[in-house]
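Before any comments, here is the structure.
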Amino acid sequence: MAQNKQAQEAVVEEAVNKTEEFLIQNKKTIISVIVALIVLVGGVVAYKYLYAIPREHKAQVALFPGESYFENGDYETALNGDSISFKGLLNVSDEFSGTDAANLANAYAGLCQAHLGNYAEAIKLLDKFSGSDAMVAPAIKAAIGNCYAETENYDKATSYLTKAAKEADSNTLSPIWLMQAGEIFEKQQKYDDAIKVYTEIKDTYFRSYQAMSIDKYIDRAKMQKK
């Protein structure tokens with residue numbers, strides 16, 4: 001036992017000696033690395049509090065009038081500005097690129113273009129939006145789907161609408177988007193696909209308003225399939 005203890009102590013002492021030797025030999029390098037880390041951490045903190053956060057705040061302030069114009073249905077002014085102080089959602093997106101506010105500006109601008117009937121531009125802007133919110137992200141996908149439907153790109157329309165319904169998994173929203181997808185499938189004479197989405201409403205979202213009358217849509221698709 002005593003020999004084991006002595007051996008362990010010897011190993012520890014050897015390790016300590018080697019560590020001291022390494023520190024002495026590499027003193028300058030280690031100090032340089034520590035200084036670099038301090039500068040790096042300081043730079044990150046400075047960027048966050050002296051640039052990123054103030055810039056995000058400015059972006060939010062710039063976005064606010066656009067949100068108000070959008071809510072009031074003044075889509076043209078929301079997009080392009082009021083020639084007084086608000087420069088428009090498109091400007092917010094460009095000037096404050098990379099901020100959360102610019103991300104939202106893309107979504108609002110895309111919806112404005114959709115309301116104005118500019119569906120191709122709407123899709124480009126909506127597609128720039130990035131988010132993981134359980135309601136907002138699927139709603140943007142559904143909006144893209146409806147824009148594709150307006151341009152008669154029905155395959156992409158149904159793809160986006162069904163993805164939106166799946167991601168939202170909402171008793172309120174998902175049946176709406178599945179109904180839209182089902183009606184497009186019927187227009188394409190894809191009756192099996194229509195029956196599938198209608199049946200999903202019946203089975204999964206049976207408490208929804210749409211489920212109350214879904215049987216007639218299922219029957220209609222089955223009749224047209226024959």
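Values in this document were obtained by computation on a predicted structure and should not be read as measured data.
- Taking the salt bridge (Lys or Arg N to Asp or Glu O under 4.0 Å) definition, one finds that Lys225 meets it with Asp192, sequence neighbours left out.
- Judged by distance alone, the side chain of Thr158 and the main-chain N or O of Tyr154 form a donor-acceptor pair under 3.5 Å.
- No path of Ile, Leu, Val, Met, Phe, Trp and Tyr side chains, each step under 4.5 Å between heavy atoms, connects Trp177 with Leu126, placing them in separate hydrophobic clusters.
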message: Applying salt bridge (charged side-chain N to carboxylate O under 4.0 Å, His left out) to Asp155 and Lys190, what does each step give before you reach the verdict?
response: CA-CA 11 Å; Asp155 287 339; Lys190 294 182 177 181; 2.9 Å; yes
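- Remark: side-chain polar atoms of Thr151 are paired, donor with acceptor, to backbone N or O of Tyr148 under 3.5 angstrom.
- In terms of heavy atoms, Leu89 sits closest to Ala105 at O-CB, 3.8 Å.
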- prompt: Going through the checks in order, is the side-chain hydrogen bond (donor to acceptor under 3.5 Å, both in side chains) test met by Asn106 and Ser93?
  reply: CA-CA 6 Å; Asn106 286 324; Ser93 175; 2.6 Å; yes
Audit row: Arg220, Glu186, side-chain contact (heavy atoms from CB on, under 4.5 Å) steps and yes/no: CA-CA 9 Å; Arg220 184 179 71 187; Glu186 287 191 72; 2.7 Å; yes
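- The distance from atom NZ of Lys216 to atom OH of Tyr198, rounded to the nearest 0.5 Å, is 11.0 Å.
- One hydrophobic cluster holds both Phe86 and Leu79 under the rule that ILVMFWY side chains link at heavy-atom gaps under 4.5 Å.
- A single hydrophobic cluster is not seen to contain both Leu173 and Tyr217; linkage of ILVMFWY side chains at heavy-atom distances under 4.5 Å, directly or through other members, places them apart.
- Between Glu200 atom CD and Thr162 atom OG1 the span is 8.5 Å, to the nearest 0.5 Å.
- The two residues Phe206 and Ala211 have their closest heavy-atom pair at O-CB, 3.5 Å.
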message: Set out, in order, the CA-CA distance, both residues' side-chain angles and the distance that settles side-chain contact (heavy atoms from CB on, under 4.5 Å) for Lys187 and Glu183, then state yes or no.
response: CA-CA 6 Å; Lys187 185 178 290 188; Glu183 290 174 356; over 6 Å; no
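- Taking all atoms of both residues into account, the shortest heavy-atom contact from Ala168 to Met135 is O-CE, 3.8 Å.
- No single ILVMFWY cluster, assembled from side-chain heavy atoms under 4.5 Å apart, contains both Leu178 and Tyr209.
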message: Using the rule given for side-chain contact (heavy atoms from CB on, under 4.5 Å), can you reason through Leu104 versus Val92, listing the C-alpha separation, both sets of side-chain angles and the distance that settles it, and then say yes or no?
response: CA-CA 10 Å; Leu104 272 177; Val92 173; over 6 Å; no
- request: Go through the steps to decide whether Gln210 and Tyr205 satisfy the test side-chain contact (heavy atoms from CB on, under 4.5 Å), and finish with yes or no.
  value: CA-CA 8 Å; Gln210 288 74 17; Tyr205 304 107; over 6 Å; no
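- Residues Gly110 and Ala122 approach most closely at O-CB, 3.2 Å, considering heavy atoms.
- Side chain of Asn72 to backbone of Ser68: a donor-acceptor contact under 3.5 angstrom is found.
- In this pair, His115 and Tyr75 present their aromatic rings parallel. The plane angle is below 30°, not in the 30 to 60° band.
- To the nearest 0.5 Å, atom CD1 of residue Ile176 and atom CG of residue Leu161 are 11.5 Å apart.
- Residues Ala165 and Ser174 share a closest heavy-atom pair of O-OG, 2.8 Å.
- Put simply, the side chain of Asp82 does not reach to within 4.5 Å of the side chain of Pro65, judged on heavy atoms.
- At a threshold of 4.5 Å between side-chain heavy atoms, the hydrophobic network of Ile, Leu, Val, Met, Phe, Trp and Tyr places Ile201 and Ile218 in one connected group.
- With values rounded to the nearest 0.5 angstrom, Met179 atom CE is found 4.5 Å from Ile214 atom CD1.
- Interatomic distance, Tyr69 OH to Thr77 OG1, rounded to the nearest 0.5 Å: 6.0 Å.
- Shown here for Ala101 and Glu56, the closest heavy-atom pair between the two residues is N-OE2, 3.1 Å.
- One finds the CD atom of Glu67 at 4.0 Å from the OH atom of Tyr108 (value rounded to the nearest 0.5 Å).
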